[in-house]
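As a basis for the values below, the full set of heavy atoms in this structure was taken, side chains included, without hydrogen atoms, waters or symmetry mates.
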Amino acid sequence: MVLSASERNRLILHRQQFSALHNKMYFNFGGQGPMPQSAIESIQKVHQTLQKLGPFSWDAGVFSVKETEKTRQMIAQEIQVSPKTITLTQNVLSGCNIPLWGINWQAGDHILLSDCEYPAVVATVQELQYRFGIEYSVCPLMDTLNTGDPLAIINNHLRPTTRLVILSHVLWNTGQVLPIKEMIAACHHYGRRPSESKSSQSQDHAENKVWVLVDAAQSVGVLPLNVADLNADFYAFTGHKWWCGPPGLGALYIHPNAYNAIRPTFIGWRGVVKDEQGNPVGFHDDGQRFEVSTYDVTSMIALREAITLHNQWGTADDRYKRLTDLGAYLLQQLQAIPQLHCFRNSPPESGLIFFQIKDYQSLQIEDAHAAFVRELEKQGFLLRTILTPDCIRACVNYMTLESEIDALVAAIQVLLSKFSPW
């Protein structure tokens, strides 16, 4: 983890391109990453280009299509899939909603969730239950952070009526990296009847198929990824967190064998195939099928700028190695503070670190963790709270400095002396 003088100088120079890192110590990459200056400048530059061309001119349209496809290709390259499998979306949740509403649900169908899924995903499943009479259940993965077998838990909670399993690759409220490839394989294997012939077992569109939707909000931009190798049916992610792109642009990977399992819910010209008279006659046979209408092309180019900048610093493996080293460094220091309880016992697998103030409920402070985070923010340290479990989350990135971690820990120690009776 220790950088040489030249490596540190290169990192300092790299950080200068992120103005949000100039006047604060940023530990909130899992909420939204700071945009680099090159991405910010590209947004205005593209707006000016479009105005010169005429926003709705033929040339502007050609320009927008070209830049959109460049972005689709870069996203696909980063997660090692075909560009045809990428549907451009606004964020993780809009990506999740495509398969959630696109499956032809029947009363009695079952969805399996973990107890670490994002509340809005749970709310969507509850609405599906209300509208279609489906069932859903929750399996306990939160307690497997330090001990336990997530794969066994999934296997034990699958049902003959299970049609969809929803999992997060990196759990947003514990930081655990799930063995997602093995869990996906278990779900797919469960959905095949033992009596099926070998040839029929290879058919991904069998009626008893168990589909898997992966919430990848905290994995893209953190883990070195080969999504095609994971064999997920649906993998939803965003560009504004660890990739440090602009808000409002994400993507959904759809496995080629999963396209016919879902239908478009929101429909627009981007996904529709038309005849010579302009009449709709069907949908595209790739990721564009689930896209609706106009995108902000400035965001497309800004995201590419951000991803390019990360890759200039180092490979995905290089960035992940530094990120986890820094996470271990922060965790070790927090564990040494007697007033804190850290959730993880071993070095973290992601950039998400979670801790509680011990006996925080006994403090004479309303919503102690939120008050603690607000006080830290006044001092220039940006973290966030989590409600379930009730705790504080700090995010380290490969761009984080060891000196920033030292300063955060010192600030926490001083603040604890004011917050607690110790």
Side-chain angles (χ1 to χ4, degrees), residues 1-42 45 74-75 77-80 170 175 177 218-226 239-246 301-336 344 346-353 376 379-383 394-413:
M1 184 185 68
V2 178
L3 299 177
S4 66
S6 62
E7 289 172 333
R8 179 176 173 79
N9 289 337
R10 187 167 72 90
L11 181 58
I12 295 295
L13 184 64
H14 184 74
R15 283 168 52 93
Q16 289 177 0
Q17 300 178 74
F18 296 82
S19 58
L21 304 182
H22 295 175
N23 63 345
K24 61 185 69 67
M25 300 190 192
Y26 201 80
F27 292 91
N28 226 348
F29 293 90
Q32 183 165 334
M35 285 179 62
Q37 190 61 32
S38 59
I40 296 171
E41 291 172 355
S42 74
K45 181 179 179 180
M74 176 173 276
I75 289 172
Q77 180 178 342
E78 288 298 305
I79 65 171
Q80 299 191 60
V170 177
V177 180
Q218 302 297 339
S219 57
V220 170
V222 174
L223 305 178
L225 288 170
N226 183 334
H240 76 269
K241 294 183 183 288
W242 297 93
W243 267 344
C244 301
I301 298 173
L303 179 59
R304 296 206 313 267
E305 289 285 343
I307 293 173
T308 298
L309 190 59
H310 295 314
N311 288 333
Q312 287 174 352
W313 187 86
T315 66
D317 289 306
D318 293 334
R319 301 196 303 268
Y320 181 63
K321 175 64 166 60
R322 176 165 170 80
L323 177 150
T324 51
D325 284 348
L326 290 167
Y329 182 63
L330 173 58
L331 178 63
Q332 183 180 32
Q333 293 201 54
L334 293 175
Q335 288 173 331
R344 190 171 183 91
S346 56
E349 306 162 299
S350 68
L352 306 176
I353 312 298
L376 286 172
Q379 301 176 42
F381 300 94
L382 272 64
L383 292 79
C395 305
V396 295
N397 200 345
Y398 75 94
M399 292 185 288
T400 305
L401 299 176
E402 289 84 346
S403 59
E404 291 180 306
I405 292 175
D406 294 339
L408 172 63
V409 171
I412 288 173
Q413 290 175 313

Novice: Is there a donor-acceptor pair under 3.5 Å between the side chain of His14 and the backbone N or O of Met399?
Specialist: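 Here the side-chain-to-backbone pair does not exist.
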Novice: If you take all heavy atoms of Pro36 and Cys244, which pair is closest and at what distance?
Specialist: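 Shortest heavy-atom separation between Pro36 and Cys244 comes out as CD-O, 3.4 Å.
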Novice: Distance-only, no hydrogens or angles: does the Glu78 side chain make a donor-acceptor pair with backbone N or O of Ile307 under 3.5 Å?
Specialist: no
Novice: Charged N to carboxylate O below 4.0 Å: is that the case for Glu305 and Lys45?
Specialist: no
Novice: To the nearest 0.5 Å, what is the distance between CH2 (Trp243) and CZ (Arg304)?
Specialist: 12.5 Å
Novice: CD1 of Ile301 to CE of Met74: how many Å apart, nearest 0.5 Å?
Specialist: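 Here the interatomic distance stands at 11.5 Å.
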Novice: Would you name the heavy atoms of Pro348 and Leu331 that are closest together and state the gap between them?
Specialist: CD-CD2, 3.9 Å
Novice: Would a distance-only check, ignoring hydrogens and angles, find a side-chain to backbone donor-acceptor pair under 3.5 Å from Lys241 to Gly30?
Specialist: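 At least one qualifying donor-acceptor pair exists.
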Novice: Nearest 0.5 Å, what's the CD-CD1 distance between Gln332 and Ile353?
Specialist: 12.0 Å
Novice: So which atom in Ala411 and which in Leu376 form the shortest heavy-atom distance, rounded to 0.1 Å?
Specialist: CB-CD2, 4.1 Å
Novice: Looking at every heavy atom in both Ala302 and Ala39, which two are closest together, and how far apart are they?
Specialist: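 Ala302 and Ala39 have their closest heavy atoms at O-CB, 3.4 Å.
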Novice: Determine the minimum heavy-atom distance between Leu225 and Ser219, stating which atoms define it.
Specialist: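 Smallest heavy-atom distance, with atoms named: CD1-O, 4.0 Å.
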Novice: Distance check, rounded to the nearest 0.5 Å: Thr400 atom OG1 versus Tyr26 atom OH?
Specialist: 11.0 Å
Novice: Can you name the nearest heavy-atom pair linking Gly239 to Leu303, along with the distance?
Specialist: O-CD1, 3.8 Å
Novice: Taking atom types as modelled, find out whether Arg319 and Asn397 have a side-chain donor-acceptor pair closer than 3.5 angstrom.
Specialist: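 Their side chains do not contain a donor-acceptor pair, so the 3.5 Å distance test is not met.
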Novice: For Leu11 and Trp313: C-alpha separation, side-chain torsions, deciding distance, then whether side chain to side chain contact (heavy atoms under 4.5 Å, CB included) applies.
Specialist: CA-CA 8 Å; Leu11 181 58; Trp313 187 86; 3.6 Å; yes
Novice: Does the Ser350 side chain pair with the main chain of Gly175, one donor and one acceptor, at a distance under 3.5 Å?
Specialist: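 Yes, because the side chain of Ser350 sits within donor-acceptor range (under 3.5 Å) of the backbone of Gly175.
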Novice: Looking at the rings of His240 and Phe29, which for Trp means the six-membered one, are their centres under 6.0 Å apart?
Specialist: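 Centroid separation for His240 and Phe29: 6.0 Å or greater.
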Novice: If you apply the rule side chain to side chain contact (heavy atoms under 4.5 Å, CB included), what do you find for Glu402 with Tyr329, and how did you get there?
Specialist: CA-CA 8 Å; Glu402 289 84 346; Tyr329 182 63; 4.1 Å; yes
Novice: More than 12 non-hydrogen atoms from neighbouring residues, nucleotides or ligands closer than 6.0 Å to CD on Gln77, yes or no?
Specialist: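 At most 12 heavy atoms, drawn from other residues, nucleotides or ligands, come within 6.0 Å of this atom.
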Novice: Salt-bridge test for Arg15 and Glu404: reply yes if a basic N is under 4.0 Å from a carboxylate O, no otherwise.
Specialist: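 Yes, this pair counts.
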Novice: Return the CE to CD distance between Met35 and Gln17, rounded to the nearest 0.5 Å.
Specialist: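 These two atoms lie 13.0 Å from each other.
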Novice: Checking side chain to side chain contact (heavy atoms under 4.5 Å, CB included) for the pair Gln333/Ile405: CA distance, chi angles, key distance, verdict?
Specialist: CA-CA 9 Å; Gln333 293 201 54; Ile405 292 175; 3.8 Å; yes
Novice: Run the side chain to side chain contact (heavy atoms under 4.5 Å, CB included) check on Met25 and Leu382 step by step: do they pass?
Specialist: CA-CA 6 Å; Met25 300 190 192; Leu382 272 64; over 6 Å; no
Novice: With no hydrogens and no angle check, just 3.5 Å: does a side-chain donor-acceptor pair link Tyr320 and Asp325?
Specialist: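 No - no donor-acceptor pair under 3.5 Å links their side chains.
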Novice: Got Leu334 and Leu330 here, is their nearest side-chain heavy-atom distance under 4.5 Å?
Specialist: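 Yes, close enough: below the 4.5 Å cut-off.
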Novice: In Å and rounded to the nearest 0.5 Å, what is the CG to CG distance from Asn28 to Leu383?
Specialist: 6.5 Å
Novice: Can you name the residues that form a side chain to side chain contact (heavy atoms under 4.5 Å, CB included) with Ser403, not counting sequence neighbours?
Specialist: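 Ser403: side chain to side chain contact (heavy atoms under 4.5 Å, CB included) contacts with Arg8, Leu401.
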